**Student:** 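Take a look at the following structure, please.
No experiment lies behind these values; they were computed from the predicted model shown. Just so you know, residue 1 is the first one in the sequence shown, and it goes up from there.
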Amino acid sequence: MKLSKKTRYGLRALIDLSADSDSHVSLTSIAERNGISQQYLEQIFSSLKKAGIIKSIKGNQGGYFLSAEPKDISAASIVRALEGDFILEAEQTPADSKVHGITEAIQSCIIDKVNEQLNGLLESTSLEDLKKEFLANRDYNESMYYI
């Protein structure tokens, strides 16, 4: 599985939004800080808004904010909102096919286990975890002194 650019940008924007969670944040400022086209980010935020992950306030002083605490937003819900279902799909073979047993072996020994692990990882990783990792890396890079 490969995360699409849409999902990567969505995660990036939500981490940015959660790190600046004191108030609502304009789409323009998120787009500028993250090097994402504002028009593309509007499409991404539309999907996130439909999924109930973010909310918006319209108007001159408007902007976006998280609909819940970052600790209550899972990476799985974000990926699902932007990608749809993120599991590896089973190969469809007729039951009377000569390769049906082989296909079932691959499904149970590899695909089902990958899906289980992937789902567990994404469900157990919150936006708060991503935000903390971002802040730790940002603070570390800002404290570096180069000659």
**Student:** Between Asn34, Leu3, Ile44, which is the residue that forms a side chain to side chain contact (heavy atoms under 4.5 Å, CB included) with Tyr9?
**Tutor:**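 It is Ile44; the other options fail the test.
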**Student:** Taking the side chain as every heavy atom from C-beta outward, state whether Asp72 and Leu66 have any atom pair closer than 4.5 Å.
**Tutor:** no
**Student:** Does Lys113 come within less than 4.0 Å of Glu116, counting only side-chain N to carboxylate O?
**Tutor:**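 No, Lys113 and Glu116 are not salt-bridged.
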**Student:** Output, in order, the C-alpha distance, side-chain angles, deciding distance and verdict of side chain to side chain donor-acceptor pair (under 3.5 Å) for Gln38 and Thr28.
**Tutor:** CA-CA 6 Å; Gln38 185 172 336; Thr28 304; 3.2 Å; yes
**Student:** Is there a donor-acceptor pair closer than 3.5 Å between any side-chain N or O of Thr125 and the backbone N or O of Leu122?
**Tutor:** no
**Student:** Regarding Glu42 and Lys49, does a basic nitrogen lie under 4.0 Å from an acidic carboxylate oxygen?
**Tutor:** no
**Student:** Is it true that a side-chain atom of Asn119 and a backbone atom of Asn115 form a donor plus acceptor pair closer than 3.5 Å?
**Tutor:**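 Pair absent, no side-chain N/O of Asn119 close to backbone of Asn115.
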**Student:** Can you see which heavy atom on Ile15 is nearest to which on Lys131, and at what distance?
**Tutor:**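 The answer is CG2-CA, 4.2 Å.
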**Student:** Quick check on Glu69: does its CD atom have over 12 non-hydrogen neighbours (other residues, nucleotides or ligands) under 6.0 Å away?
**Tutor:**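 No, CD of Glu69 has 12 or fewer neighbouring heavy atoms, counting only those of other groups under 6.0 Å.
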**Student:** Within the 4.5 Å heavy-atom criterion, are Leu82 and Ser4 side-chain neighbours or not?
**Tutor:**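 Answer no - side chains too far apart.
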**Student:** Can a donor-acceptor pair be found, under 3.5 Å and without considering hydrogens, that links the side chain of His24 to the backbone of Lys55?
**Tutor:**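 No: the side chain of His24 does not pair with the backbone of Lys55.
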**Student:** Measure from the side-chain N and O atoms of Arg33 to the backbone N and O of Asp16, and report whether any donor-acceptor pair falls under 3.5 Å.
**Tutor:** no
**Student:** If I compare all heavy atoms of Phe86 with all of Ala76, which pair ends up nearest, and what's the gap?
**Tutor:** CE2-O, 3.9 Å
**Student:** Do Lys5 and Arg8 come within less than 4.5 Å of each other through their side chains, counting heavy atoms only?
**Tutor:** no
**Student:** Looking at Ser26 and Gly63, would you say the former's side chain and the latter's main chain have a donor-acceptor pair under 3.5 Å?
**Tutor:** no
**Student:** Keeping the roles fixed (side chain from Ser108, backbone from Glu104), state whether a donor-acceptor pair exists under 3.5 Å.
**Tutor:** yes
**Student:** Would you say Asp129's side chain and Ser126's backbone share a donor-acceptor pair under 3.5 angstrom?
**Tutor:** yes
